[in-house]
Structures are given as structure tokens and as C-alpha cells.
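In what follows, a structure is listed as C-alpha cells, so that the remarks can point back to it.
Letters A, B, ... are given to chains in the order of the sequence lines, protein chains preceding strands, and every chain is numbered from 1.
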Amino acid sequence: MTVMALSCVYMAADVYLVCLQHALSTEKEEVMGLLIGEIDSKKVAHISAVVMLRRSDKRKDRVEISPEQLTNAAIQADKLTHELGRTMRVLGWYHSHPHITVWPSHVDVRTQAIYQMMDEGFVGIIISVFSEDKVSKEQQVQITCFQSTNQSPEGESPQYIRLEVPLHIQPTSCLSKPCLQSMVELPEILFQEEKDSYDATTKLTFLSILAQLNNKAVLTQALCHITEVVSGPLVMALEQRKANNQKRCRELLQERESLLTLKSTM
Amino acid sequence: MTVMALSCVYMAADVYLVCLQHALSTEKEEVMGLLIGEIDSKKVAHISAVVMLRRSDKRKDRVEISPEQLTNAAIQADKLTHELGRTMRVLGWYHSHPHITVWPSHVDVRTQAIYQMMDEGFVGIIISVFSEDKVSKEQQVQITCFQSTNQSPEGESPQYIRLEVPLHIQPTSCLSKPCLQSMVELPEILFQEEKDSYDATTKLTFLSILAQLNNKAVLTQALCHITEVVSGPLVMALEQRKANNQKRCRELLQERESLLTLKSTM
Amino acid sequence: MAAHICVTLSGPALSFLIYENVKCYCDQEGFLVGEIISHVTDTISDSQIRGEKTETIISVNSLMPIPSCLSFYNGVGKINEEKLKSFLKDKSKEVIGWYSFRRNSSLVPHLRDRLLHKELSAAVPHVSPEHFTMCLLNTSISNGGSTHVFNHKFLRYRHSKFEALPMQIHNLGETQPEYKIVPSTTSLSESFNNIIASLKVSHESGSDAALVCHIQRALQEHLRRLINDVAQSEIRVAELEKEVDMLRQQPGPMPNEVLLPQLLREDLN
Amino acid sequence: MAAHICVTLSGPALSFLIYENVKCYCDQEGFLVGEIISHVTDTISDSQIRGEKTETIISVNSLMPIPSCLSFYNGVGKINEEKLKSFLKDKSKEVIGWYSFRRNSSLVPHLRDRLLHKELSAAVPHVSPEHFTMCLLNTSISNGGSTHVFNHKFLRYRHSKFEALPMQIHNLGETQPEYKIVPSTTSLSESFNNIIASLKVSHESGSDAALVCHIQRALQEHLRRLINDVAQSEIRVAELEKEVDMLRQQPGPMPNEVLLPQLLREDLN
Ligand SMILES: [Zn+2]
């Protein structure tokens, strides 16, 4: 067995929150993004931030990271290095499997093998969402962590298979700013994607006035949909979280006060 | 065998044109309408006009004529009686079978039986459209004419089956004004249907601003679609027909002239 | 470079075509009017290879029936160029094919159809030979006369053989791509486009929905005027056909010019 | 009168709920915040009978986790009404259910869950008992630790037994009815609606598309400010939790009030 380039992966709980939220945003497409963090001397990867990616190619099964996306993510990693004071770099990718099993397809395993050629420690994460048991009404989310390994002997054409990598979802005392920022990126990305699709149509000179009116109506409908299904619920969830936190602070301050007065009277 | 209430049906060619055009307007829904004409002493039905009906209930399999639609059609029949100087009345109905066989479903046969209770000569016409043979690339349109008859003996619960009625598509020297008017009704009906669906939503007070914006965008898209797919092609086809007719008139006038001068020189 | 070709037809175009065939009991021929639209779209196949796909759409939007008494080709299918030109006049630019309707016959091109197709294709140079289309139609009656069947098929001539073309009838039920990104194949008449363009210019404020309603109202008025003209022209043509027909049948010497087509048209099949 | 009931959940709501459960290694409980929307639609069945269908949607849009150190019910599930009130404060009107997360356990309600459910339902009168919802969650690890599985299920108590409820997660991929004609179940916060309303008023000319873009930009600014507040409050809470925790552990007499919950919380299962 070749020496493992990666012994295990620690994913911060708030990173998992962001990836899951991205995966739950659509059951019709495989979303994807890049994972940012560092690998320590004992070959343990610590993932502490996320970069959500635009679906460059809307066709369902195409999960492929463009060079621009990789460079942009590297820039964000540098920014984080300064902010967190720890060297941050792109060390993996994730994508969603809506309605299908969590296991990587052979295309996924091949894609992962290609990334590992550039960086042997590169890790692949898949989140399966929207799977439910119609009878028991139970719903399930699964997250798996893998690398690719070539099982065919030297010299023969490579046969890549999945290599399980242990994954720990690491509790975090609080929801980090970078993760919150990634969360709020999603509606922005979706809006930009929709506007770019529309803008592309405005350049088509052969389109009739009716086609142009149609396209503007499609844009409006799509933007309303994103606002209602993504922005709205995000505002609601974050406002409620802020309220919970403020309420919790008040309760803790009271408890601290009562404890301190108690101690002082002893 | 009970005495046939209807020996056979003569449908004017331009009536067939209008029904076919209505059937070809959508492959996703069964369209329907009423047939106007007269039945002569020898129980032969002559169909000479059409009233296209709105789809009161958008669900695919519901083909049902409301009382209002029947009365409205009767009014149109009276108008025609004056215009054509022949007593015109509603004497049948037609509906389309997109992608499916031309034969009436058991619901169709039962509906036909109910109409026959009101008027034993009432005739049912079905047009099957959009059926194609993927291999030979041949496409097919079928039109069938039927009534319903109760095959179960007296006293037992009725068992309605299809009764074939001979149908003749009668050549017409020209495309009649009433048929042309029905043709031009279609975009009007479709527009009204769409606007009514939209207007209904504007009365829903609980709708958010986003939902209202969405609904207006849906309306715009639908109206553009109708204009492009129905109104546009109809204008094109009728303009071409007018041009053909005018050209034909010029050619005939020339021929008449040459024949007359020839005769006069004899 | 994958090429994909398809015939598209509007509902009105097909219904008028079939109407021409039921309008009288005789066989029927005529020209298909429309345009050929070629559109190149990039493709990214699974194996990452970027390719280009040309999509050629033969869009039929109306027809020019050939009056049964008039003909410009002989029994074998050889055409008379002037007669054809004089028949098509300025419309020849919009001809993209022809049709032949025969009752109770199969949709297999007869020998004469094959020859005529090549001759007509040559006479309509603005359409490339492999895009010039032949539409064969037939009709038959079954089930004791209660059911009429109408079959039709589009073919083209390529690599020295006739091949059938897939056909799509534009209708409201077609699955709509969200954004319209290909040239519309439901070609619209000039008058239609002028109406829309003028309304768009004069329409600044107000929503798009209101603009489309304006367009629709203007189109309905246009259609109303149009059907009046069509109705009158229908009656006029019918009267003249009858009148000229009688003149033709009247005893007395017949000019050669009128007789010739009849003689040459003895059917080969 | 057919009745149909379903739980709807936004993506953020579910992800924050699962986050609460992975945020620390202990079991976790809390309240579900949202609204109950009942909507009556007429139905026309095939047999022509006109009927009415009430559609009840239990829309969960966020949650109120109960800090592990704080508890307001005893081991058997008997709740302390004041403590619950003081915990919920003004939020009690928006509580529509509760959740219980236990690692490596099945999604079958324990005896204590059943009792607690009835008690809590009684303490939240604005929600009818058959709409008060319980969400059970669990998680387990498999495949050599490479794969984490999260299961969750919604139940309600009706006709003296717990029944599972169908669940729908709102997302962009849901098949969209053309016209929106039912109340939106993705309930939006007041601030969200105020932003939109104010923009709509000030927006006369210009297209709807432009208005939606304005709304989106305003929302993004709102979200930016919001995450700053949330980030600060997260740090503030973490610091206070640590500080108070230390104070609690420090030797020295402990007030009864703080001790009691710990004693009573000995687990029954
Ligand atoms: Zn995959």
C-alpha cells in the first residue's frame, strides 16, 4: 500500500454548515465548491473555510473546476491566511449528490485522481441530500470523505477506485466570520449566474422583440425565485440566530451576576 | 338495433380546417369546441361552423362543456342562421387527442351518451394529432365520428360503447367567413384564459410582493408565447393565402380575357 | 462536426396544407414557403472535446398550391422553366420545397416525383440541394367511413438517395427552454414585425405585460382586417374559377397553349 | 373533506438545526420556530363531486436551541411552566414544535419524549395539538469513520398515537407552479418584507427585473450587516459561556436554583 498522503480530515462544524446549506439549495443540480485549510505534519487536514463555486456548466453531471475558479479560491485562501494568522490554502473540493447515493461516481473518482496529481493531499467530500424513505417519512443527509487510488499494477492503464478517508466534524465554539461570509455569498452567486445567462441573450442580434420580452420575464421570475427561496430564508435564519445569541447573552450575564454576588457573600 | 338517430355526417372542409388548427395548437392539453349546422330529413348532419371553447378546467382529462358555453354557442348559431339564411343549431362537439389514439375513452363515450340524452342526434368528433412514427418519420392526423349506444339489456345498468358514424369531409369552393372568424378567435381565447388566470391571482391578498412580481412575469411570458406560436403563424398563413388568391385572380382574369378574345375572333 | 436537420411547421401551415388536399377530390401539388435557418451551437462532450453542432431548421410557414388545371412539367417530370418562373413570380425566393398529395397512395416517392424534385431544386438555386424538401401526403378512410387518416412525411435528396426528415409542429405545449437563445423558427411576417416594432417604440413606461397586451390587440385588429380581405378573395377566386372553367369547356376551337398541359400530363403511375 | 398535512423547511433552517447537533458532542434539544399555514382549495374529483381540501403546512423557518445546562422539565418529562415561559419570553407565539437530537439512537420517540411532547403542546396553546410537531434527529458514523449519516423525522400526536409527517425542503429545484396561488410557506422576516415594500413604493418607472435587482442588492446589504452582528454575538456568547461555566465549577457553595436541573436530569433511557 502506498504511504497514505492523508491520514484523516477534520472539518470544522461551521464549514459543514455552509457546505450543507449550499447542497440543500437545489435538488436539480450538483452544486460544488472548494475547501480551504491546512495539512499538519501528521498529514491531518484541517478544513476551516469554504469557497462556493458557480456552476460553469449547467449540465447536471459536469462537476469540473476551471482554472479561474482555482486561482480565485487561492486568492481567498491568502486573504484568510492574513485574517486568521494561519497559512490557509485550497486543500480539497466538495459537491452535492441530490437524490442519489453519497458514493462518488467513476467520473468523480477520476476527477479526484486528476486533482491528486497536482496535490497528493487533495481531499474529496460529497454530501448526499434530499434522500427520503417515502414510507417511514425519514429523511437523510450523508457526508463522505475520499481520495482516489490506482488499483491496477504499474504500467497498465490506471484503474481508479475510492479510498475512504476518516472524517471528523469538529465542534466549534462559534460560527466563524469567514463561514458566515460564504453563506451570504450564495444568493450573490446565484443572482450573478442568472444575470449572466440573461446578458448573454441580449447580445443575440437575431432575437425578435417577443423573444427579448420573454427573456426579461424569465429573468424576473428567476430572480424572484432566488430571493424568495434563498435570500429570504437566510435572512430569517440569521436574524433568529442573532436574537437567540442576544437572549443567551442576557441570561448568561444574569447568571454571572447571581454567581458573583453569591461568591462575594460567602 | 335501435333506429339510427343519425345516418351520416357531412363536415365542410373549412370546418375541418378550423378544428384541425385548434387541435394542433397544443400537444399538452385536449382542446375542445362545439359544432354548428343542421340535420336534414334523411337524418344527415351538415356541419358548417365551429365554436372553439375555453378549457374551463385545465386538468388534462377533463373534457366537459359548461351550460354557459352551450348557451353562448346557441347564440352564435342564431347569428349564423340570419347570416346564412339556413337554420343553424349546435349539433355536436369535438375534442383533440394529442399523442394518443383517436378512439374515444370510456369517459368520452359516457359524456357523449349524456349529450345524446338531451339531443339524440348529437354527434361526437375526435381529432388525434401529434402522433408520429419515430423510425419512418411519418406523422399522422386522424379524425373519427361517433355516437354512444347502450349495449346492456333493458333494466340493467347502462354499458355505453362507441357507435361508428360515417363521416364525409365535404369539399368547399371557398373558405367561409364564419370559419375564418373562428380561426381568429383562438389567440383571443388563449389570451383571455391567461389574463383571467393572472387576474385571479391579483385578488389573493396573502400574496407577497415577490409572488406578485413572479406572477406578472409568468403572464408576460405566456402572452409572448401565445403571440409567437399562435398569432404570428396565423397572420403568416392568412397573408400568404390572400396573396395566393389575389395572384390566382390575376391569372384567371388574364385567361378569361385570352379565351374571350379568342372566341370573339372565331 | 455533427449536423442535425429538422423540418418545423406551424399549426396553421399544416392545417392549410391538409385543407388544400380535402378541398377537392383531385390529387394536389404545390410549393412550400418558408426559410432555412442554420444555427451553430458549441458542444462540450463528456470526453471534454469541444465541438460544434450545426442545427439546420427547414421552417415551413405557408404554401402555394398549384391550381390543378395549370402545370409546368411534362409527364416524365421535366419542367418548363419559364412557366415555373411566371407562376412563382417574386415568391420564388421564399420557396424551400414542394408537396405532392395523392389519395390512397403510400408515402414513397414515385419515379416522376424523384425527377421533379431534382428539377425543381435546380430551379430554386437559393436553397442548397440537400435542404430542398419534398412533402408527401396521402389520406385514406377506414372503419366504415367513420374515420379519415391523413399521413405526411418530409424527405430530402442527399448522397444520391431520398431520406426522411424529422418533423416538429410548433405548438403551445412544446417544452420551453427558459431563455430563448436560438433564432425563432416560427418566422413572422413583415407586417407582424412592423406592428410589434412600432408599438415597442411608442411604449416607454408601463410594464412588459402591458406592452404584450397592446401587441396582441393590434394583431387581432390586423387579423380582423385580414380575414375580410381573405374572405372576399376566396369568393372572387371561386367565381372566376367557375367562369373560366365554363369558358374552357365551351365548344369552339381551343388555343394550343391552354390544351398542351392537359395532353402532357398523362399520369405515369 | 380531505385534509393534507406536510412539514416544510427551508435549507438554512435544516442546516442550522443539524449544525446545532454537530456543534458539540452532547445530545441536544430545542424549539422549532415558524408558522402554521392552512389553505383550502376546491377539488373536482373525476366523479364530478365538488369537494374541499384543506392543506395544512407546518412551515419551520428557524430554531431556538435550549442550552444544555438549562432545563425546565424533570426526568419524567414534567415541565416547569414558569421556567419555560421565562425561557421563551415573547418568542412563545412563534413556537410550532420542538426537536430532540440523540447520537446513535433510533428515531422512535422515547417515553419521556411522548410525555414532554404533550406537556409542551399544552404550554403552547396557539398551536392546535394535532399541529404541534416533534422532530427527532440522530447521527451515526460508518465506513471506517469516512461517512457521517444524519437522519431526521417529523411526527405529530393525533388520535392518541404518534404519526410521521411528510417533509419538504424548499429549494430552487422544486417544480414551480406557473402562477403562485398559495400563501408562500417560505415565511419571510419582517425586516425582509419592509425592505421590499419600501423599494416597491419608491420604484415607479423601470422594469420589474430592475426592481428585483434593487431588492436583491438591498437584501445583500442587510445580510452583510446581519452577519457582522451575528459574528460578534457568536464570540460574545462563547466567551460568556466559558466564563460562567468556570464560575459554576469553582468550589464554594452552589445555590440550589442552579443545582436542581442537573439533579433532575438523570436520564431515564
Ligand atoms: Zn458526484
Side-chain angles (χ1 to χ4, degrees), chain A residues 13 16-17 20-21 24-28 102 136-146 164-167 169 171 173-175 177 180-181 184 188 191 216 219-220 223-225 227-229 231-242 244-246 248-249 252 255-256 259 262-263 266, chain D residues 10-16 18-19 22-25 33 61-62 64 107 143-153 164-167 169-173 184 186 188-189 192 207-209 212 215-216 219-220 223 226-227 229-231 233-238 240 243-244 247 252-253 255:
Chain A
Y16 175 53
L17 166 63
L20 178 56
Q21 208 168 97
L24 289 169
S25 67
T26 175
E27 60 183 309
K28 281 273 170 42
V102 75
S136 71
K137 305 278 196 301
E138 261 183 50
Q139 295 224 349
Q140 192 178 74
V141 168
Q142 288 198 41
I143 176 168
T144 195
C145 182
F146 74 104
E164 287 171 356
V165 176
L167 169 71
I169 298 183
S173 61
C174 60
L175 231 165
K177 185 82 183 292
L180 282 165
Q181 271 156 346
V184 171
E188 199 64 38
F191 246 76
K216 220 157 102 188
L219 173 70
T220 311
L223 299 185
C224 281
H225 192 44
T227 308
E228 197 175 348
V229 173
S231 308
L234 193 54
V235 168
M236 177 68 95
L238 288 170
E239 278 179 358
Q240 180 62 45
R241 181 141 193 116
K242 178 181 160 185
N244 290 347
N245 285 348
Q246 286 167 342
R248 187 63 195 137
C249 281
L252 286 167
E255 194 181 342
R256 191 179 63 174
L259 282 171
L262 187 85
K263 291 260 164 345
M266 273 192 309
Chain D
S10 72
L14 180 59
S15 52
F16 271 100
I18 293 182
Y19 172 69
V22 294
K23 182 176 82 150
C24 67
Y25 289 119
V33 173
N61 52 48
S62 59
M64 275 178 74
L107 296 186
N143 297 72
S146 72
T147 308
H148 294 239
V149 180
F150 297 86
N151 297 306
H152 36 274
K153 183 156 96 165
L165 294 175
M167 179 181 119
I169 303 168
H170 283 308
N171 71 87
L172 289 171
S184 155
T186 54
L188 306 171
S189 75
F192 184 99
S207 67
D208 290 349
V212 183
I215 291 176
Q216 161 63 10
L219 278 176
Q220 282 308 112
L223 278 168
L226 193 52
I227 50 171
D229 300 347
V230 171
S233 67
E234 292 279 319
I235 298 165
R236 188 81 186 94
V237 167
L240 280 173
E243 200 186 328
V244 171
L247 279 174

Exercise. What residues form a salt bridge (charged side-chain N to carboxylate O under 4.0 Å, His left out) with Arg236(D), not counting sequence neighbours?
Worked result: Glu239(D)
Exercise. Considering only heavy atoms from C-beta outward, does the side chain of Gln240(A) approach that of Met64(D) to under 4.5 Å?
Worked result: yes
For this session: Heavy-atom pairs under 4.5 Å with chain D are the metric here; pick the option from Gln181(A), Gln142(A), Lys177(A) that has the most.
Result: Gln142(A)
Exercise. Are Ile18(D) and Val141(A) side-chain neighbours, meaning at least one heavy-atom pair lies under 4.5 Å?
Worked result: yes
Exercise. Within a strict 4.5 Å, meaning less than it, do heavy atoms of the Ser146(D) and Val165(A) side chains meet?
Worked result: no
Problem set entry | Winner by heavy-atom pair count (cut-off under 4.5 Å) against chain A, out of Leu219(D), Asn143(D), Leu107(D), Ile215(D) | Asn143(D)
Exercise. Side chains of Leu167(A) and Thr147(D): does their closest heavy-atom pair fall under 4.5 Å?
Worked result: no
Exercise. For Leu223(A), is it the side chain, the backbone, both or neither that has a heavy atom under 4.5 Å from a heavy atom of chain D?
Worked result: both
Exercise. Based on non-hydrogen pairs under 4.5 Å, which of Gly11(D), Pro12(D), Ser62(D) is most in contact with chain A?
Worked result: Pro12(D)
Exercise. For Val33(D), is it the side chain, the backbone, both, or neither that has a heavy atom closer than 4.5 Å to a heavy atom of chain A?
Worked result: side chain
Seminar exercise, completed: Of Ala231(D), Gly145(D), Ala164(D), the largest count of non-hydrogen pairs under 4.5 angstrom with chain A goes to Gly145(D)
Exercise. Is the closest side-chain heavy-atom distance between Val212(D) and Phe191(A) below 4.5 Å?
Worked result: yes
Exercise. In terms of heavy-atom proximity below 4.5 Å to chain D, should Val184(A) be classed as side chain, backbone, both, or neither?
Worked result: both
For this session: Name the option with the most non-hydrogen atom pairs under 4.5 Å to chain D; the candidates are Asn244(A), Thr220(A), Ile143(A), Leu180(A).
Result: Ile143(A)
For this session: Please list, chain by chain and in numerical order, all residues satisfying salt bridge (charged side-chain N to carboxylate O under 4.0 Å, His left out) with Lys216(A), sequence neighbours excluded.
Result: Asp208(C)
For this session: Using non-hydrogen atoms and a 4.5 Å limit, figure out which bit of Leu240(D) sits close to chain A: side chain, backbone, both or neither.
Result: both
Problem set entry | Pick from Lys23(D), His152(D), Glu243(D) with the largest number of heavy-atom pairs that fall under 4.5 Å of chain A | His152(D)
Exercise. Out of Ala238(D), Ala209(D), Ala13(D), which one racks up the most heavy-atom pairs below 4.5 Å with chain A?
Worked result: Ala209(D)
Problem set entry | Region of Arg241(A) in contact with chain D, defined by heavy-atom distances below 4.5 Å | side chain
For this session: Describe, in one word, how the ring planes of Phe150(D) and His148(D) are oriented to each other, choosing from parallel (under 30°), tilted (30 to 60°) and perpendicular (over 60°).
Result: parallel
